[in-house]
Amino acid sequence: AKAEGRGTHRFYESGMGAEVRGRRLMEHELRTAVARGEMSLVYQPQLAVATGTIVGFEALLRWNRPAHGFVSPALFIPVAEETGTILQIGDWVLRTACAEAAGWRVPLRVAVNVSAVQLHAPGFADSVEAVLAETGIDPRRLELEVTETALIRDITRALAALTRLKQLGVKIAMDDFGTGYSSLSNLRAFPFDRIKIDGSFVQSVDANQQASAIVRAILELGRGLDLAILAEGVETKAELGFLGAELCDEVQGYLLGRPAPIETFAAATRGEAAD
Ligand code: C2E
Ligand code: CA
Ligand code: CA
Ligand code: CA
């Protein structure tokens, strides 16, 4: 029976494409990744342009997958979303980021990415409230980053969840602005505090006329709607110079700091001068 079982298994596997098999295996491994301690967070600094100081950090998820090494979240988050595992992973991200931030001596902001699946799950606002209570972090230090695509799934439900979170004092940022749908009506309908200009517009903003026109327009829009603006993906001094001249509020990108374990930024979180 044992031999037969193995044969059956082999037959079943060879009947699937390699891609499907790889995907199933990833789905399977993702289910236990948190419990096995394979997930971790790195942090990327967010700086105020006017002062050049760090005002917050975005938490970014890293998966150290057995036999693969670090897998990009761009590859595994869509898989976790399809299977629903993102709910468990997202909860871990939120709890870990808030717990870590609660331990910083300087009360900097911590920004956490929220998937559409989380945002639309019943009880999402409750779970955030529970994490806030558990970790004791000031809700005003927590910023949730949501994409436009995440909102349009079920506008009523997304709006209800975000409105409740706002009432708790949590900040909301629109991530990847300019890359999704119906940006302008969403900006009006939802209680955003900040717009994050997608890196694709920021890159070569100093050299490309279309990119610079778009970034200028978003900055103007932000001023008109009283929203703070953060430019993502800043890689060069020329890009930073342009954003400073155009009075962009905050910047984030490789030029200012790559995502790294929080210990890397101990000078900022402890309020000591860097050595
Ligand atoms: P995102 O939220 O737009 O995050 C910014 C991505 O750009 C990060 O990639 C970051 O490492 C990268 N980046 C930062 N500065 C620069 C730069 O100057 N140039 C370039 N080319 N890239 C830069 P990462 O960490 O690979 O994350 C990719 C995406 O995965 C994120 O895009 C976000 O959508 C998703 N993600 C990451 N962590 C989480 C999480 O905890 N939960 C959820 N739901 N999604 C996450
Ligand atoms: Ca983000
Ligand atoms: Ca982004
Ligand atoms: Ca993105």
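Both counts, for ligands and for their atoms, begin at 1 and track the order of listing. On a predicted model such as this, the values are computed, not experimentally measured, just so you know.
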Are Met26 and Arg23 side-chain neighbours, meaning at least one heavy-atom pair lies under 4.5 Å?
->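 SC-SC contact between Met26 and Arg23 ruled out.
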
Would you kindly say whether Glu27 and Thr83 are connected by a side-chain donor-acceptor distance under 3.5 Å?
->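 No, no side-chain donor-acceptor contact under 3.5 Å.
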
Between the side chains of Glu58 and Gln44, is a donor N or O closer than 3.5 angstrom to an acceptor N or O?
->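 No pair is found: no donor N or O on one side chain lies under 3.5 Å from an acceptor on the other.
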
Counting only heavy atoms, which portion of [X] has something under 4.0 Å from ligand 1: side chain, backbone, both, or neither?
{"X": "Pro259", "value": "side chain"}
{"X": "Ile77", "value": "side chain"}
{"X": "Arg258", "value": "neither"}
{"X": "Leu61", "value": "both"}
{"X": "Gln203", "value": "side chain"}
{"X": "Thr147", "value": "neither"}
{"X": "Val234", "value": "backbone"}
{"X": "Gln44", "value": "side chain"}
{"X": "Met39", "value": "neither"}

So is [X] touching ligand 1 or not, going by heavy atoms under 4.0 Å?
{"X": "Lys196", "result": "no"}
{"X": "Gly199", "result": "no"}
{"X": "Glu81", "result": "no"}

May I ask you to check whether Phe265 and Tyr43 place their ring centres under 6.0 Å from each other?
->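 Not close enough - the centres of the two rings lie 6.0 Å or further apart.
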
Main-chain N/O of [Y] paired with [X] side-chain donor or acceptor, under 3.5 Å:
{"X": "Thr236", "Y": "Glu239", "result": "yes"}
{"X": "Trp104", "Y": "Glu100", "result": "yes"}
{"X": "Arg153", "Y": "Ala116", "result": "no"}
{"X": "Asn64", "Y": "Glu38", "result": "no"}

Could you tell me which atoms of ligand 1, counted from 1 in the order shown, lie closer than 4.0 angstrom to a heavy atom of [X]?
{"X": "Glu58", "answer": "2 (O), 4 (O)"}
{"X": "Val93", "answer": "41 (O)"}
{"X": "Glu235", "answer": "17 (C), 18 (O), 19 (N), 20 (C), 21 (N)"}
{"X": "Glu232", "answer": "3 (O), 5 (C)"}
{"X": "Asp176", "answer": "3 (O)"}
{"X": "Asp175", "answer": "2 (O)"}

Please determine if Glu145 has a nitrogen or oxygen closer than 3.5 Å to a nitrogen or oxygen of ligand 1.
->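 Not met; the criterion fails.
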
Tyr254, any N or O under 3.5 Å of ligand 1 N or O |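 Tyr254 vs ligand 1: N/O contact under 3.5 Å present.
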
Return yes when at least one N/O/S atom of Asp176 is nearer than 3.0 Å to the Ca ion (ligand 3), and no when none is.
->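 A backbone or side-chain N, O or S atom of Asp176 is under 3.0 Å from the Ca ion (ligand 3).
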
For the Ca ion (ligand 2): the N/O/S atom of Glu145 at shortest distance =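 Closest to the Ca ion (ligand 2) among those atoms: OE1.
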
Residue pair [X] / [Y]: nearest heavy atoms and the distance that separates them:
{"X": "Asp91", "Y": "Ser127", "value": "OD1-CB, 4.0 Å"}
{"X": "Leu119", "Y": "Ala150", "value": "CD2-O, 4.2 Å"}
{"X": "Ala102", "Y": "Ile137", "value": "CB-CB, 4.4 Å"}

Any N/O/S of Asp175 under 3.0 Å from the Ca ion (ligand 2)?
->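 Yes - counting backbone and side chain alike, Asp175 has an N, O or S atom under 3.0 Å.
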
Is the distance between the Ca ion (ligand 2) and the nearest N/O/S atom of Glu58 smaller than 3.0 Å?
->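 Short answer: yes, at least one N, O or S atom is under the cut-off.
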
Only one of Ile229, Leu230, Val202 forms a side-chain contact (heavy atoms from CB on, under 4.5 Å) with Leu243, so which one is it?
->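 Testing Leu243 for a side-chain contact (heavy atoms from CB on, under 4.5 Å) against Ile229, Leu230, Val202 leaves exactly one candidate, Val202.
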
Can you name the N/O/S atom of Glu232 that is nearest the Ca ion (ligand 3)?
->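 Going through the N, O and S atoms of Glu232 one by one, OE1 ends up nearest to the Ca ion (ligand 3).
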
Can Glu143 and Lys196 be counted as an ion pair, charged N to O under 4.0 angstrom?
->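 Not counted as a salt bridge, because no side-chain N and carboxylate O are separated by less than 4.0 Å.
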
In terms of side-chain geometry, is the basic nitrogen of Arg164 or Glu129 positioned less than 4.0 Å from the acidic oxygen of its partner?
->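 Salt bridge: yes.
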
